[in-house]
Structure formats: C-alpha cells, structure tokens
Amino acid sequence: MNKGGVFIISGPSGSGKDTLIVRLLEKLPELRFSISSITRGMREGENQGEKYNFITREKFEDMINNGELLEYNTYVGNYYGTPKAPVVKAIEDGCDMIIEVDVNGAAQIREKLTDAVSIFIMPPSYEELKARLSGRGTETEELIDRRMNSALGEIRRASEYDYIVVNDDIDTAVNDIMSVILSQRLKTERKSYIIEEVLKKC
Ligand code: 5GP
C-alpha cells in the first residue's frame, strides 16, 4: 500500500473555505479532516471535536512542550494547532488528509512535510471580498477595513501555494479542489504498488 497525501487548505475570511471543505468532505467521504486544538471559546453552532478540540492554554502549552503539534500559531490572542499523531496515522494508513490552517501554519507544515500539497482559496475579486466581509451592512467601516487588511495580508502570500482555487461558483470551486486531490492520487509515487503487483507475476 502507498502512503496517504496531505492537503493543506488556506484562505482568508470571506473566501468561503469552510463551506467548500464541508462540501468536499461530502463528495469524498474517505478524506480525513485534521481537527485542530484551539484555546478560543466555543461559538454558537460549534461542537467539541467536530472542527476543533477546544482546550485550555495549559493543555495547549503541554502539547507544545511534548512535541505533539505539527504546527501552531496564535490568532487574536488564542492558540491554534494541528496535532501531529492523526496526520502521521493518515499517511501510514494510506489515507488522504485535509488540514485547514492559516498561511503561517501552512508554511510550517511545508517545511516538515515536503510532499504536502497546498491549495489557497481565493475570492473572485477585491469588490466581492469587500461585499462578503461587509456582511449584512451592520458592521462599522473600521471593522470592515480591519477584516479587509487581514484578508489582503493573507492573499499577498497566496503565491507560496501549489494551487489557487477561485471561489466564485461553489460547485466549480469544489470540483477544482477535487481535481487537485484526484490527480495527486494518480502520481507515479502513489501507484508504485500496482507496478510491483503486475511485474511480480512475470
Ligand atoms: P476561526 O477562529 O475563525 O475558526 O479561525 C481563525 C483562523 O485560524 C482561520 O484563518 C483558520 O484557518 C485558522 N486555523 C484553524 N485551525 C488552525 C490550526 O490548526 N493551525 C493554524 N495555524 N491555524 C488554524
């Protein structure tokens, strides 16, 4: 059996990456999803262990000190990190894993897992990003500007990624991500078992 692949997905707030990932996991249910450990409080609609494991700062710092994290970063005063063990297990089990992280986390993973494939989810235009971040028009200009600046900061680092998926039409964007994953599965290094299987009979 060949090893599984790691797919990093990042994108700014307003790129729609969370919705895309939900749809992707419905279409390719064999994909594993990396559940991040984080120290921020749970928001309405979130459940423990679904997308995140909500843990204390003390527990998070223990995980750092014990080398249990593949990467971690702080965001608005809270820790966010990817536990290493489930990723290593997915690779060993021959399963593909999706890891959703910010641009800093993505850079840390690329350094450790050089075969990881990274995908950046891009809004279709500046205007559309602004419209999405403005929400229902109830936010102040200052808040919208802060969100825009943070999103633009991430977009400035999009060229670090292997693939850019533009999220204009959601079905097209999901299909684009699937194309990346499915083509990766056809790579020669992931098919070496079939070459060996056929040749061993001769
Ligand atoms: P939120 O608090 O809105 O759910 O997420 C805030 C940011 O943290 C998003 O940009 C998200 O991609 C990022 N993030 C989520 N999980 C992780 C993680 O495990 N590691 C890192 N570095 N960033 C994460």
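Everything quoted here is computed from the prediction, not taken from an experiment. Both counts, for ligands and for their atoms, begin at 1 and track the order of listing.
- If you check each of I35, I9, L69, D102 against atom 23 (N) of ligand 1, the one with the closest non-hydrogen atom is D102.
- Counting protein heavy atoms only, atom 20 (N) of ligand 1 is closest to E71 OE2, 2.7 Å.
- Annotation: G11 places no N or O atom under 3.5 Å from an N or O atom of ligand 1; distance criterion only.
- For a threshold of 3.5 Å applied to N or O pairs, the pair formed by E154 and ligand 1 contains no separation below that value.
- Residue contacts with ligand 1: K17 is included, with a non-hydrogen atom under 4.0 Å away.
- Closest to atom 11 (C) of ligand 1 among all protein heavy atoms lies E100 OE2, 3.2 Å.
- Geometric assessment of R110 against the ring of Y161 yields a positive cation-pi assignment under the 6.0 Å and 45° thresholds.
- In this structure, K17 contributes its side chain and G11 its backbone to a donor-acceptor pair below 3.5 Å.
- Side-chain contact between T56 and F60: absent, with no pair of heavy atoms (C-beta onward) separated by less than 4.5 Å.
- At a 4.0 Å cut-off, at least one heavy atom of T82 sits close enough to ligand 1 to count as contact.
- Formation of a donor-acceptor pair under 3.5 Å by the D176 side chain with backbone atoms of V165 is not found in this model.
- Put simply, the residue from E71, Q108, E100 that forms a side chain to side chain donor-acceptor pair (under 3.5 Å) with T82 is E71.
- Here is the list of ligand 1 atoms found below 4.0 Å of a heavy atom in N73: 22 (N).
- Looking at heavy atoms from C-beta onward, K84 lies out of side-chain contact with K112 at the 4.5 angstrom threshold.
- The side chain of R43, and not its backbone, has at least one atom closer than 4.0 Å to an atom of ligand 1 (non-hydrogen atoms only; side chain from C-beta on).
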Starting from the C-alpha separation in whole Å, work towards a yes-or-no answer on side chain to side chain donor-acceptor pair (under 3.5 Å) for R157 and N104.
CA-CA 10 Å; R157 292 184 60 182; N104 288 311; 3.0 Å; yes

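- Atom 2 (O) of ligand 1 has its closest protein heavy atom at Y80 OH, 2.5 Å.
- Between I99 and F7 there is no side-chain heavy-atom pair separated by less than 4.5 Å.
- Nearest-residue assignment for atom 1 (P) of ligand 1 (options Y52, Y72, Y75; heavy-atom criterion): Y52.
- With respect to atom 16 (N) of ligand 1, the closest heavy atom belonging to the protein is S36 OG, 3.1 Å.
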